[in-house]
Amino acid sequence: MNNVPYGMLNRSGFRNTLTNQVTATLGAEQSLGFITKGLSARVIASYDNTAVNQQVRQRTFQLYEAKRHPTNPDSIIYERTGTNPNSTLSDAQAQSQWNLLNIDASINYARSFGDHDITAMALFNRYQRVINIQLPFNYIGYVGRLTYGFKDKYLAEANFGYNGSEQFAPGHKMGFFPSLSVGWVASQEKFLKDAAPWLTFAKIRASYGQVGNDNMNGARFAFLTLWNGSLESQIGNEQLVWEKANKLNVGLETRLFRDFSLEADVFYERRNNILIPADGLVPTGMFGTGGVFVSGILPKINAGEIENRGFEISAAYKKLIGNDFRFDVRLNGAYNKNKVLYLSEVLLPEEYAYRTRSTGLPLGQYFGYKTAGFFNSQQDIIDWYDQSGIGATPKPGDLKYMDMNGDGVITDADMVPLGGPEFPAWTFGAATSIQFKSFDFSMMWQGVAERSYLITGQRFFETFNFNEWHKEAWSQQRYDAGLPITYPRLDPGSSASKLPSDFWNADGSYIRLRNLEVGYTLNKRLSGKIGSSAVRIYANGLNLLTFDRYPVKYQDPEQNGGLLYPVFKAYNIGLNVTF
């Protein structure tokens, strides 16, 4: 009720912000050829500082709600709502400052010996970030790289990172992360040139390596045990180490007939040592029933495991026909499927249809109830399973929930996975451009598939946002007349049909015409009359078409959250003049 636009714009106060920024970068590079040919050294230091001063003047304002007059429906009365008064402006000052210091120092080597090409690098990195009066964030890193190439056909590269983070206890601060990649430019082989002259370029590559992550979900110093007076607010774990991701990739790059190119990659990733709470290792009721879990003081452990697998593919075709016609077509697609292998999950009791909510499922998997249509009469409610314990007592027009564990009653033990997670398994796109003499045309499509939303709240419930969908809500009149019913009965005060369920699980797939543009460039003779080297007239549009499977069409399917908006479309007409 406080989000009243007029009041927020005109009755809430104002804020003045003064921001000062200093950015500096200094570097030097020195050839060390007097030691050996191809050797050099380089140092780069950068410093960023930002200081913000704010004057905030705020006030509250009274709110009123418009209602029909109780005895005269044609009149409107205004009733006071909420407790906010029309206060005077308060004055407050706020200051904040943060800075970043980054230093890179490296020794580099590059040399060719006949058919052999060798490069090497050794780098030291020092990173420090200071935010207000917090303890500085400190990181150091040692990086090494060695590459080798033979006749531009056989390629190899080895890397390592030896990184240190303040997030871990002494003895565990440093992490070692190696990687290795190899490549074979097959199109350089004589036997392939003779057998397939149409194969302009072909390269096969593979890589395997590790990367580290020290992010503690926004927290710092999880290895420390902290006290708040006489209460222990955090149990530290001094054995915490870096989270590691092991990545394997195999790829192919080709170019055929000089005009068509194709790239494909297959990948597998397994993340281990993921930082998670030790909930599954502590018996229920230890340290007080539920107290530990609510307070969150259980120590974190490196035990989570997640895997990702999939592929990426892209293709392009470019062609020039004569001097007047040119076109370019590009396609891309990617598939990524992840699965939780272990998250120290507490096993739910045996009566649950699904005893885990994460293990063996994709990250972000939604859970809810399966539905079997609507209750169409009071007798229908009597004959169905008792579901009054999970929400309001149902009435005709409410959703029926299915008994998934066979115990004859509907409880949260009947919840099952709903669709897939919000992160799409498939992403794809297409772009094309055509030029014919002075005319040009381009467009770009983009889309996702195998993606779900659990739609709730202000987006769809009639309590917040009445729309076309609600006009087909269940009512006795619509049911008796045999009219289409696509929404439960309207009742803003009831939660009987508002629980997470497959009814509210929407397919988030969509295909969108992201951009389309048409242009015309005047010939040089005409543009030269105004002293210009080029004049181009164009018209374009943004988000012109969207194809989706949402139950209503007023929301952008690309968005998700509590407050959303319709698809944003834009149309432009422009003129580019180059002198």
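Residue numbers count from 1 along this sequence.
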Using a cut-off of 6.0 Å, state whether more than 12 heavy atoms not belonging to Asn323 lie near its atom CG. no

Residue among Asp104, Asn102, Asn138 satisfying side chain to side chain donor-acceptor pair (under 3.5 Å) with Arg126: Asn138

Scan side-chain atoms only and decide if Asn249 and Ser207 contain a donor-acceptor pair under the 3.5 Å cut-off. no

Contacts under 3.5 angstrom, residues 22-48 side chains, donor-acceptor by atom type, not counting sequence neighbours:
unit_1: Ser31; atom_1: OG; unit_2: Gly33; atom_2: N; d: 3.3
unit_1: Tyr47; atom_1: OH; unit_2: Asn49; atom_2: ND2; d: 3.4

Is Glu238 atom CD crowded by more than 12 heavy atoms from other residues, nucleotides or ligands, each under 6.0 Å away? no

Within a strict 4.5 Å, meaning less than it, do heavy atoms of the Lys337 and Glu450 side chains meet? yes

Distance-only, no hydrogens or angles: does the Glu345 side chain make a donor-acceptor pair with backbone N or O of Arg357 under 3.5 Å? yes

Can you see whether Gln97 engages Asn99 through a side-chain donor-acceptor pair at a distance of less than 3.5 angstrom? no

Is the shortest side-chain heavy-atom distance between Lys318 and Asp259 below 4.5 Å? no

Any side-chain donor-acceptor pair under 3.5 Å between Gln210 and Asn246? yes

Is Asp152 atom CG crowded by more than 12 heavy atoms from other residues, nucleotides or ligands, each under 6.0 Å away? no

Strictly below 4.0 Å, N to O, side chains only: are Asp328 and Arg326 in salt-bridge contact? no

CD1 (Ile107) with more than 12 external heavy atoms under 6.0 Å: no

Any side-chain heavy-atom pair from Pro417 and Tyr366 closer than 4.5 angstrom? no

Contacts of Asp548 that satisfy side chain to side chain donor-acceptor pair (under 3.5 Å) - sequence neighbours left out: Lys553

Are Arg309 and Tyr268 in a cation-pi setup, meaning NZ or CZ lies under 6.0 angstrom from the ring centre and within 45 degrees of the ring axis? no

Looking at Phe137, I'd like to know if the NZ or CZ of Arg220 sits under 6.0 Å from its six-membered ring centre while staying within 45 degrees of the ring's axis. yes

Do you know which of Leu252, Leu262, Asn332, Val266 makes side chain to side chain contact (heavy atoms under 4.5 Å, CB included) with Ile313? Leu262

For Phe327 and Phe436, I'd like to know if the aromatic rings sit close, meaning centre-to-centre distance below 6.0 Å. no

Trp242 ring center within less than 6.0 Å of Phe177 ring center: yes

Once salt bridge (Lys or Arg N to Asp or Glu O under 4.0 Å) is applied, what residue pairs with a partner in residues 174-198 remain, sequence neighbours excluded? Lys153-Glu189, Lys190-Asp194

Please determine if Arg512 and Glu558 form a salt bridge, counting it only when a charged side-chain N lies under 4.0 Å from a carboxylate O. yes

Consider only side-chain N and O atoms of Arg536 and Tyr538, and report whether a donor and an acceptor are under 3.5 Å apart. no

Might you confirm whether atom CD1 of Ile573 has over 12 heavy atoms from other residues, nucleotides or ligands at distances under 6.0 Å? no

Close side-chain approach of Asn272 and Glu243, heavy atoms under 4.5 Å: no

Between Tyr510 and Gln446, does any side-chain donor sit less than 3.5 Å from a side-chain acceptor? yes

Trace of the salt bridge (Lys or Arg N to Asp or Glu O under 4.0 Å) decision for Glu305 with Arg271: CA-CA 6 Å; Glu305 291 190 40; Arg271 305 182 73 90; over 6 Å; no

If only atom types and distance count, is the side chain of Ser165 paired as donor or acceptor with the main-chain N or O of Gln167 below 3.5 Å? yes

Please indicate whether Tyr142 has more than 12 foreign heavy atoms, meaning atoms of other residues, nucleotides or ligands, lying under 6.0 Å from its OH. no

Decide, yes or no, whether a salt bridge links Asp265 with Arg205 under the criterion of side-chain N to carboxylate O below 4.0 Å. yes

Can you tell me if Tyr571 has over 12 outside heavy atoms packed within less than 6.0 Å of its OH? yes

Interatomic distance, NZ@Lys339 vs OG@Ser358, rounded to 0.5 Å, equals 13.5 Å

More than 12 heavy atoms of other groups within 6.0 Å of Phe367 CZ: yes

